[in-house]
Structures are given as structure tokens and as C-alpha cells.
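Convention: sequence-line order gives letters A, B, ...; per-chain numbering from 1. The model shown is predicted, which means the values in this text are computed figures rather than measured ones.
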There are 2 protein chains.
Amino acid sequence: MKATIYDVAREAGVSIAAVSQVINGKGKISEERRQEIIRVMEMLHYQPSRIASALTGKKTYTIGLLVPDISNPFFAEIARAVEEQGHQLGYSLIICSTENKDERVERYISLLQQKSVDGIIIGTGIDNKKMLKPFLDNETPIAMIAREMPGLDVKTVIVDDYVGGRMAAEHLLALGHRRLAVLTENPKLSSSKERIRGFREGVELSGGELPDSRIKACGDELVKEGKRLAAQLLQCEDPPTAIFCCNDLLAIGTLQAAKQLGMKVPSDLSVIGFDNTILASVTDPPLTTVAQPTERMGRTAVDRLIGQLDKAYDGELRTVMQPNLVVRSSTAAPL
Amino acid sequence: MKATIYDVAREAGVSIAAVSQVINGKGKISEERRQEIIRVMEMLHYQPSRIASALTGKKTYTIGLLVPDISNPFFAEIARAVEEQGHQLGYSLIICSTENKDERVERYISLLQQKSVDGIIIGTGIDNKKMLKPFLDNETPIAMIAREMPGLDVKTVIVDDYVGGRMAAEHLLALGHRRLAVLTENPKLSSSKERIRGFREGVELSGGELPDSRIKACGDELVKEGKRLAAQLLQCEDPPTAIFCCNDLLAIGTLQAAKQLGMKVPSDLSVIGFDNTILASVTDPPLTTVAQPTERMGRTAVDRLIGQLDKAYDGELRTVMQPNLVVRSSTAAPL
DNA sequence: TTGAAAGCGCTACCAT
DNA sequence: ATGGTAGCGCTTTCAA
């Protein structure tokens with residue numbers, strides 16, 4: 001059996017209160033007793049039960065992270081940053097891959113609640129805001145990362161998607177592209193909407209236009225669907241010379257479609273992605289993409305969630321970071 | 001405040017024991033009371049506290065997963081599978097990125113212990129077996145995945161690394177390569193050792209040889225180091241015509257080195273990876289690699305850990321799965 | 001069937 | 001400075 005605080009107390013000939021004191025480093029104890037208790041704790045390999053301690057009103061030192069899919073490199077990178085910062089602050093991370101399914105979101109939320117996590121970070125789209133109600137009532141902190149839920153008073157850490165979209169447009173425009181198209185994942189996500197809005201405004205500002213028919217939205221199998229939709233786009237009459245993909249996975253699908261159709265990137269087609277995951281640096285050709293500061297976003301989300309940083313941020317609910325364009329070899333002037 | 005079992009009991013006019021019964025679906029209660037209690041639970045948005053329930057001797061329904069780095073796609077994919085199967089069985093997953101550092105491993109182990117996880121899955125190298133002692137004493141189940149700790153009685157789910165190494169060798173040999181080299185990560189890992197052993201035996205069986213000078217081992221920055229070491233290999237006199245990389249990340253580094261040196265893959269150099277992560281399908285050129293059945297491995301590890309499958313496996317400690325070669329475009333006959 | 005009550009391991013308050 | 005003790009929310013006997 002695992003040693004408990006009682007075992008330590010008995011062995012050290014003190015009360016459990018004394019042991020508790022040294023565990024938590026508070027209260028007054030003579031250095032002598034203190035050392036003795038520590039000695040016994042080590043001898044017994046005593047590890048305080050966080051379960052019991054949590055039950056007594058303390059925190060669980062656990063936070064939950066909801067993402068669509070932890071095996072998607074973008075979210076894996078976010079998770080890494082969140083985990084790291086959490087760990088730094090003494091928190092463990094429970095990963096929840098929602099697959100963008102409401103029923104899974106609901107299940108995870110309920111579980112996290114039952115486990116009394118100290119906070120949750122949401123990086124997945126939530127259709128039904130009511131699902132968050134338990135946490136809101138509960139006053140369990142919530143932070144959104146890379147996603148937004150307008151109308152909900154939660155801390156949010158995002159990249160400026162609108163600006164990212166514009167950057168993409170401006171880059172393509174500067175290269176001389178005029179026939180543009182867009183591939184997006186779920187267009188209901190605020191991030192998708194903003195990226196497209198930015199892209200479109202960039203195009204329109206230069207006198208061009210982006211008809212809705214040039215925007216394709218896809219479901220969950222990002223690279224597969226990206227490939228399918230890109231092929232569609234490329235095979236219509238008057239095909240685009242450049243495609244803006246709202247994430248790297250879609251861009252990879254597009255790359256694959258181009259290859260299959262015998263088109264060379266970037267000479268026959270320019271492709272630009274979003275996220276700057278590790279994938280972007282290894283594709284053929286390497287992908288020009290709009291980078292999000294994932295590491296900083298993850299770290300910040302944790303800080304804001306746990307409240308460390310909040311004196312500094314002082315009430316600001318949204319933290320908006322700037323994207324930046326990473327030009328590699330998938331974009332060039334049209335022929 | 002969150003509703004407790006007392007609130008429900010009071011509101012429903014029954015004892016907390018009755019409520020407990022319906023939560024856990026055991027004991028005898030009249031259907032009438034039962035329905036009433038359920039009604040009240042819903043009305044109050046009651047969620048049982050897993051903390052309290054765990055304290056009373058039940059499980060925490062949480063497992064820990066130790067990997068070097070969750071943002072490494074291989075481990076992200078493993079994590080995904082583990083999470084999925086865990087979720088299926090009602091368990092949450094705590095992610096721990098150890099960075100291959102003993103002090104981090106130790107810290108995580110102690111944390112997981114304090115949180116009374118129901119089991120841990122280890123996918124990271126552990127130098128000091130003693131660190132696992134608390135769990136062993138504790139009888140907390142441990143399972144290894146994609147890593148092995150010979151001499152420790154824990155369930156292990158791995159791919160046959162030796163065979164994988166041989167497959168790589170045989171593929172390269174069949175293409176006509178004779179000057180071979182190997183890039184590996186930490187050579188102390190049993191997986192690394194086995195892959196190299198398999199590769200070497202494959203080479204030797206065909207009458208060739210693989211001098212130690214042709215084997216380079218690297219630290220943690222896999223792609224960066226892979227690039228550096230590959231460049232070294234390629235710039236020595238009598239450079240290899242093919243390099244076997246013990247994982248995809250190293251292969252990517254090698255691809256980058258070749259590119260930088262102006263060498264074409266596969267015409268000037270063949271490269272073969274290991275793992276078949278998503279990366280392998282998007283590199284330039286697409287990577288020939290030895291695939292591990294990550295999804296199945298993750299699922300199996302959970303099953304064996306939680307004990308569901310164990311009647312079937314019946315005592316077998318090691319579950320060895322077969323790798324398979326995925327031939328893409330990074331390997332070809334030497335000039 | 002139903003409920004009273006004894007813990008689970010720990011924290012925090014209150015005496016001493 | 002030290003220890004006794006009342007909970008925290010739940011499970012589980014054991015009586016009724």
C-alpha cells in the first residue's frame with residue numbers, strides 16, 4: 001500500500017497536521033521536527049495524494065485542452081506549448097481530440113468537469129455555446145486558443161486571421177496573380193471567416209475580385225478533401241493560377257492534386273498555406289505559408305488561463321498576435 | 001457552487017446512499033425513486049465528483065502517456081490512438097513530453113503518482129529503471145509502447161525493429177546499393193539498436209558490410225542534427241549512395257542536406273526513413289519508409305494496460321507487430 | 001428497499 | 001509551536 005499522511009505522522013511521532021504543514025510549507029514548525037518529518041517521508045517514499053488534497057478544496061492542478069485532433073501537427077504544436085507552460089506552472093494536461101464532433105465535445109466537457117479541472121483551453125470549434133455553461137456557472141476558467149467564440153466572455157488568444165488572409169492576398173497579388181481561389185476548412189469557424197475576409201479584401205483593394213464560386217469549403221479529412229477540391233478548382237474552365245489554403249494540410253492536398261494533374265508548383269500554380277507547421281518546411285516544394293506564433297500562443301493561453309499574466313493584461317479579453325508570411329518555394333509569378 | 005450528492009439527496013427526499021446507487025447503477029431501488037432521483041440530478045446539473053469517488057477507492061479513470069515530444073508527429077499519432085482507445089474505455093489521457101530528460105521523467109512520474117493515475121504508458125527511453133519503482137510497488141500498471149525495457153516485467157507493444165531494419169537493408173540492396181550508411185537517434189534505445197542490428201545483418205547476409213564509421217548517432221534536435229550528420233556523411237570520401245534513417249525526422253534532415261549539397265534524391269542518393277508519419281507522404285521527394293502500425297499499437301497498448309485484452313494475450317508480456325515497407329520516391333538504383 | 005454512518009487522505013481552523 | 005478535529009463528496013457496509 002501507498003504510504004499516507006498518517007503513516008508519516010505515526011512514524012515520525014507527530015500529528016498529521018504537522019506533516020501537512022511541511023508538505024505545504026506553511027505554518028510553524030521547529031526546524032528539528034521538520035527535518036525529521038522530511039526524513040520519514042523520504043524513507044516511506046511518501047507522495048501526498050493530490051486527490052485527497054483536491055477534495056479538501058485545493059486545486060487539482062490539471063487543465064484540459066480541447067482540439068480537433070492531436071495528430072494534426074498544428075494542434076500537436078499548440079499542445080506542446082500548452083503542456084510546457086502548464087508543466088512549468090505545476091499543471092498537468094489532459095488532451096481531448098474532439099474530431100469536431102459536438103457529441104464528443106459534450107462528453108469531454110462533462111468528463112473534465114467531473115474531474116474538476118482547474119481550467120480548460122479550447123482550440124476547437126464549439127457550435128453550441130450552451131455546452132460551456134457548466135464551466136461558466138462553475139467559474140472554471142476557460143480560454144480559447146486559435147479559435148474564437150464571439151459573444152462569450154472568455155479569454156481568447158488568437159492570431160490576426162484577417163491580417164493573415166491579407167498577407168496571403170498581397171503576396172500573391174504582388175507576384176502578379178489575378179485568378180485566385182481559396183480552400184477553407186469549416187467556413188463557420190471565425191478563423192476561417194476572417195482569413196477569407198482578409199484575403200478577399202486584399203484582392204478587392206487591388207481592384208480584383210473573388211467570386212464565391214472560387215471559395216471551396218471542406219469537411220474533416222483535410223488533405224484528402226483538399227486534394228479533391230483543388231482538383232475541381234484546377235479542372236474548371238479558367239482555372240486559378242494561385243490558391244490560398246486556409247491551413248497547411250489543405251495546401252498539401254492541393255500540392256498533391258497539382259502533381260496528379262501534371263501541373264508544376266509554383267510555375268503552373270502557386271499555393272500558399274496557413275499555420276507554418278513542420279509540414280510546410282518539408283513539402284515538395286516547400287510551402288509558402290502564413291505563420292502563427294504557436295509556441296507563444298500556447299504559452300500565453302496558459303498564462304491567461306491560470307491568471308499569472310492577468311495583472312499585465314488587465315482585463316483585456318482578447319490577445320491578438322500578429323501572423324507573418326514565410327515565403328518558401330510554392331509561390332512564384334504566373335507564367 | 002456545484003451541486004453535490006447531498007443536494008440531490010435532499011432535493012429528492014432520499015438518502016445520499018440512494019443517489020449513489022443510481023449514479024453507479026447498482027443496488028436495489030424502486031424504479032419510481034430512481035426516476036425521481038434522475039430527474040433531480042438533471043435539474044441540478046449534477047455531475048458526480050470523480051475526485052471524491054477516487055478517494056473512496058475507485059479508479060481515477062486517468063492514464064498518463066510519457067513520450068519525448070508530443071509535437072513529433074510520430075508520437076502525436078501514437079497519442080491520438082492511445083487517447084482514442086482510452087476515451088472509448090472511459091479514460092482520460094495526461095500527456096507528458098519528457099524531452100528525453102531524466103529529470104523531467106522523474107518529475108512526471110512523481111506527479112502521475114500523486115494524481116493516482118490508473119496506469120501509465122511509456123513511449124520514451126528511461127535510463128534509470130529505478131524511477132519506475134513507485135509504480136511497480138504500487139502495482140500501478142505500466143505498458144511500454146514503441147520502446148522496450150528489457151529486464152523489466154512490463155507489458156510491451158512494439159514493432160519488430162529488427163525486421164524493419166532488415167527490410168530497409170534488403171530494399172536498398174535489391175536496388176543495387178552497396179555503400180550504405182545509417183543515421184540513428186539515441187543509440188542506447190533498444191529500438192535504435194534493433195533497427196541497426198537488422199539493417200546490418202541484412203547487409204552482411206548479402207556479403208556486404210557496414211563499418212561503424214558509417215553509423216552516425218545524434219541528439220535531440222532530430223531534423224537539424226540529421227541534416228548536419230548527413231552532410232558529414234555525404235562529404236567524406238567515398239560517400240554512401242544510400243542512407244537508412246532510423247526515423248522520418250532524420251530522413252528529412254538528410255533530404256535537406258542532400259538538397260543543400262546539390263544532390264538529387266533519389267538519383268544521387270537514396271534515403272529511407274522509419275515510422276511512416278504523415279511527414280513521409282509530403283516530403284520532396286516522398287519518402288520511402290518502414291511503417292509502424294501506430295494506430296494499432298496505441299490501441300493495443302491501452303487494451304493491455306487496462307487489461308481488457310489480457311485474457312486473449314494471456315500472460316504474454318511482449319506484443320510484437322510487423323512493420324512494412326512503404327516504397328515512395330526517395331529510393332532508386334544508384335547511378 | 002432504504003438509510004445511517006464509517007471511512008478515503010488531506011487541509012485548515014481552533015485549542016492548547 | 002503542536003495536535004485534535006471537522007469537514008471535502010463519495011462508496012460501502014450494516015441495520016432497520
Check A:E36 with A:R39, please: is the shortest side-chain N to carboxylate O separation under 4.0 Å? yes
Short N-O contact, B:K101 and B:E103, less than 4.0 angstrom: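 Looking at B:K101 and B:E103, the cut-off is not met.
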N/O (side chain, [X]) to phosphate O (OP1/OP2, [N]) under 4.0 Å:
{"X": "B:T56", "N": "D:dG9", "value": "no"}
{"X": "A:S30", "N": "D:dT2", "value": "yes"}
{"X": "B:R33", "N": "C:dT2", "value": "yes"}

Which nucleotide in the set C:dT11, D:dT2, D:dC10 lies at the smallest distance from any side-chain heavy atom of A:S53?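 Side chain of A:S53 sits closest to C:dT11.
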What integer distance in Å separates [X]:[atom1] from [N]:[atom2]?
{"X": "A:R10", "N": "D:dG3", "atom1": "CZ", "atom2": "P", "answer": "15 Å"}
{"X": "A:R50", "N": "D:dG9", "atom1": "CZ", "atom2": "C1'", "answer": "20 Å"}
{"X": "A:I37", "N": "D:dG3", "atom1": "CD1", "atom2": "C1'", "answer": "11 Å"}
{"X": "B:I5", "N": "D:dG7", "atom1": "CD1", "atom2": "P", "answer": "18 Å"}
{"X": "A:D7", "N": "C:dC8", "atom1": "CG", "atom2": "C1'", "answer": "13 Å"}
{"X": "B:E31", "N": "C:dT2", "atom1": "CD", "atom2": "P", "answer": "11 Å"}
{"X": "A:I51", "N": "C:dT11", "atom1": "CD1", "atom2": "P", "answer": "13 Å"}
{"X": "A:I29", "N": "D:dG3", "atom1": "CD1", "atom2": "C1'", "answer": "12 Å"}

Is any side-chain heavy atom of A:I120 less than 4.5 Å from a side-chain heavy atom of A:I63?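 No, their side chains stay 4.5 Å or more apart.
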A:L89 side chain near A:V302 side chain, heavy-atom distance below 4.5 Å: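 In short, these two side chains touch, coming nearer than 4.5 Å.
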Using a heavy-atom distance cut-off of less than 4.0 Å, which residues of residues 12-26 of chain B contact DNA chain D? B:I16, B:A17, B:S20, B:N24, B:K26
Find the bend of the helix from C:dT1-D:dA16 to C:dT16-D:dA1 as the angle between its two terminal axes (five pairs each), to the nearest 10°. 40°
Please report the C-alpha distance between A:E84 and A:R80 in whole Å, then the side-chain angles of each, then the deciding distance to 0.1 Å, and finally whether the salt bridge (Lys or Arg N to Asp or Glu O under 4.0 Å) criterion is met. CA-CA 6 Å; A:E84 184 54 34; A:R80 181 66 171 88; 3.2 Å; yes
What closest approach, in Å, do B:I51 and A:S116 show between heavy atoms, and which atom pair accounts for it?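 Here B:I51 and A:S116 meet closest at CG1-OG, 3.8 Å.
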Is any N or O donor-acceptor pair between the side chain of B:Y6 and the base of D:dC8 shorter than 3.5 Å?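 Result: no qualifying N/O pair found.
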Listed partners of A:Y46 passing ring-ring contact (aromatic ring centres under 6.0 Å, His included), at least two apart: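 Not a single residue meets the ring-ring contact (aromatic ring centres under 6.0 Å, His included) criterion with A:Y46.
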Between B:R299 and B:E77, does the salt bridge (Lys or Arg N to Asp or Glu O under 4.0 Å) criterion hold? Intermediate values first, please. CA-CA 11 Å; B:R299 218 172 347 114; B:E77 287 169 25; over 6 Å; no
Aromatic ring pairing A:Y91/A:Y61, orientation class (parallel under 30°, perpendicular over 60°, tilted between): tilted
